[in-house]
Amino acid sequence: MPVPDFTLPSFGRRWLQRLPATPPAWLLVHSLNQLQKRQVLAADMSLLSGKTFAVEICDAGLTLTFSADDERFHTRNTSNTPDLHLAANLADFLRLMLREEDPDTLFFSRRLRIEGDTELGLIVKNLLDSVDWDSTPLRRFMQH
Amino acid sequence: MQRLPELICPAGSLPALKAAIDNGADAVYLGLKNDTNARNFAGLNFDHRSASEGIRYARDRKRKVLMAINTYARGGDSLRWRAAIDEAAALGVDAVILADLGLLAYAHERHPSLRLHLSVQGSATNYEAINLAQSLFGVQRAVLPRVLTLDQVRHVIANTSVEIEVFGFGSLCVMVEGRCLLSSYATGESPNSHGVCSPARFVRWEDNGKGMDARLNHILIDRYGASETAGYPTLCKGRFEVEGHTDYVLEQPSSLNVLAMLPQLLDAGVAAIKVEGRQRSPAYVAQVTRALREALDQAGQTGQRFSVKPAWQQALSKVSEGQQVTLGAYDRPWK
Ligand code: SF4
C-alpha cells in the first residue's frame with residue numbers, strides 16, 4: 001500500500017517537539033546497529049567512521065543526530081555541525097525507506113534537502129539502496 | 001505482432017537488478033565497484049559475490065546480464081580494465097559493453113566467445129565506424145550516441161548487420177558522448193577518465209535563505225528558487241550569465257523519453273532500447289521498467305495505432321531530471 005500524502009498536523013508537531021529528540025535518535029541508531037550486525041546493512045564503516053549525521057523530519061520539527069565510529073552508530077559526539085544533513089517530511093522519508101520513491105526524484109522536486117558532504121550522502125544513499133530486504137523479515141513491507 | 005526490441009535496464013545494486021527483472025526487463029546492465037565503468041560512485045555497483053547472485057537471479061528467470069566496462073583505460077595502467085573483462089568472462093555475463101579500442105581487442109583475443117557490445121561512450125555515430133568495429137573485434141551490438149535523429153538511426157540500421165541499441169529513457173548528456181570536457185574543466189575528473197561526471201565530493205548544495213545554491217568545485221553552477229525543480233549538478237545543465245541574461249546555456253535539466261516514438265523505433269528495427277540510470281535507486285528502476293515494459297508490449301500489439309497512456313507518461317516525468325522530458329535528438333529538425 002503506497003504511503004498516502006500527508007504532512008503532520010500542527011498539534012502532532014507541537015506534541016512531538018515537547019519530547020526530547022534523544023529517544024527517536026537512539027531508536028534509529030539501535031535499528032541501524034541491529035541491521036548492521038545481521039549483515040542486512042552491509043556498511044563499510046571505514047567510510048562512515050568519525051562522521052556525524054542529522055536527519056531532519058521537517059513536518060515533525062524533529063532533528064535526529066547521530067554519528068558513527070569504526071564499528072557502530074551511536075548518539076554521542078553530535079554537538080558540532082553535522083557532516084551530512086538530510087531534511088524531508090515524514091511521509092517522504094517513509095516513501096524513501098519503503099522504496100516507493102527514489103531520492104533523486106525527491107531531490108529534483110525539492111522534497112529532499114541534502115547539505116554538507118555530498119559524497120557522504122551518496123555513500124549513505126547507495127548503502128540503503130543495496131539492502132536486500134528479501135533476506136529479512138521486513139520483506140512483506142517492501143512489496144507493493 | 002512485431003518482434004520487440006529488448007528492454008535493457010540499469011542496475012546499480014542487487015535490489016535494483018531484482019526490481020528491473022521483476023518489472024519486465026529483458027536484460028540488465030551493471031558495473032563493478034571501480035573506475036572501469038562510467039558510474040563509479042561510492043557505494044554503488046557490484047562485487048564478485050553480488051554480481052554472481054544477480055546473474056543467477058536473472059538466469060533463473062531467463063533474462064540477461066550485461067557488464068559495462070565503458071571507461072577508457074589509462075595509458076600504462078590497463079590492468080584493472082583487463083581484469084574486469086576477465087572477471088566478466090569468468091562470471092559468465094551475456095555480453096560486455098566496451099568503449100576503448102584496446103580493450104575491445106583484448107576481449108576479442110582473450111575471450112573469443114564473449115559477446116561484445118560497443119558502448120555509447122565509443123561514440124560510433126555512423127555505420128562505417130560500427131562495421132569497422134565488427135570486422136576488427138566481432139562486435140555484435142552497438143549502442144548509438146544520443147545525438148542522432150530518427151532518420152539517421154534508420155540510415156545506420158539499413159547499412160549494418162550489427163544490432164543497434166538506442167536510448168529510450170533517462171538523463172541526457174548533451175555533448176557527443178564521451179567527448180565532453182566540462183567536468184574535467186571544473187574538477188579535473190570526467191566520465192571517460194574517472195567514470196564520473198561532476199564527482200560528488202566536488203558538489204555542495206547550500207541553502208541561501210531564499211533557495212538553494214549548487215556549486216561544483218566552488219563554482220556556482222545554479223541557483224534554484226524555493227519551488228523550482230532541480231537537476232544533477234553538471235556544468236552542462238547549469239544557468240549562466242551570457243550577455244546580461246542568466247539562463248540555461250547548453251541544456252535544460254530534463255530526461256530523454258521516447259514513449260511517443262516507440263512505433264517508429266520498432267519499425268526502424270532497433271534491437272534494444274536502453275534505460276539510463278545505474279546511479280538511481282531500486283524505486284526508479286521499478287517505476288521506469290514497468291512503464292516501458294507496458295508501453296513496448298502495447299506498441300508491439302497495436303503498431304501505428306499505438307497511443308501513449310497518461311499513466312506511463314506520468315510515471316516517467318515524475319522521475320525525470322527537472323521533471324521535464326524531451327525527445328532529444330530523435331526529433332531534431334536540424335542535422
Ligand atoms: S557535463 Fe553534461 S554533457 Fe558533459 S559529460 Fe557531464 S552530463 Fe555529459
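Everything quoted here is computed from the prediction, not taken from an experiment. Below, chains carry the letters A, B, ... as their sequence lines are ordered, and counting in each starts from 1.
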Tell me, yes or no, whether the heavy-atom count around [X] atom [atom1], taken from other residues, nucleotides or ligands under 6.0 Å, exceeds 12.
{"X": "B:Lys18", "atom1": "NZ", "value": "yes"}
{"X": "A:Arg111", "atom1": "CZ", "value": "yes"}
{"X": "B:Phe240", "atom1": "CZ", "value": "yes"}

Please classify the contact between [X] and chain A as side chain, backbone, both or neither, with a heavy-atom cut-off of under 4.5 Å.
{"X": "B:Leu14", "value": "side chain"}
{"X": "B:Asp207", "value": "both"}
{"X": "B:Ser320", "value": "backbone"}
{"X": "B:Tyr224", "value": "both"}
{"X": "B:Ala286", "value": "neither"}

First locate atom [atom1] of [X], then atom [atom2] of [Y], and finally report the distance between them rounded to the nearest 0.5 Å.
{"X": "A:Asp104", "Y": "B:Tyr232", "atom1": "CG", "atom2": "OH", "answer": "3.5 Å"}
{"X": "B:Arg204", "Y": "A:Ile114", "atom1": "CZ", "atom2": "CD1", "answer": "12.0 Å"}
{"X": "A:Leu122", "Y": "B:Gln279", "atom1": "CG", "atom2": "CD", "answer": "9.0 Å"}
{"X": "B:Trp205", "Y": "A:Arg113", "atom1": "CH2", "atom2": "CZ", "answer": "13.0 Å"}
{"X": "A:Asn126", "Y": "B:Ser281", "atom1": "CG", "atom2": "OG", "answer": "7.5 Å"}

| Whether A:Arg99 side chain and B:Pro282 backbone form a donor-acceptor pair below 3.5 Å | no
| query | Side chain of B:Gln287, backbone of A:Glu100: donor and acceptor closer than 3.5 Å? | reply | yes
| request: Given side chain to side chain contact (heavy atoms under 4.5 Å, CB included), test A:Thr118 with B:Arg201 step by step and report yes or no. | output: CA-CA 6 Å; A:Thr118 314; B:Arg201 69 174 193 284; over 6 Å; no
| task | Please test B:Glu53 against A:Asp132 for side chain to side chain contact (heavy atoms under 4.5 Å, CB included), starting from the C-alpha separation and ending with a verdict. | result | CA-CA 12 Å; B:Glu53 195 177 333; A:Asp132 193 358; 4.2 Å; yes
| said: Assess whether a salt bridge exists between B:Arg280 and A:Asp129, defined as any Lys/Arg side-chain N lying under 4.0 Å from an Asp/Glu carboxylate O. | reply: no
| Relative to chain B, which of A:Arg110, A:Glu101, A:His85, A:Glu115 shows the most heavy atom pairs under 4.5 Å? | A:Arg110
| said: Could you go through A:Phe108 and B:Val319, starting from their C-alpha distance and side-chain angles, then the distance that decides it, and tell me whether this counts as side chain to side chain contact (heavy atoms under 4.5 Å, CB included)? | reply: CA-CA 8 Å; A:Phe108 294 153; B:Val319 299; over 6 Å; no
| request: Specify which of B:Gly225, B:Gly277, B:Ser227, B:Pro199 makes the most heavy-atom pairs with chain A at under 4.5 Å. | output: B:Gly225
| So which of B:Ala230, B:Gly43, B:Ser13 has the biggest tally of heavy-atom pairs under 4.5 Å with chain A? | B:Ala230
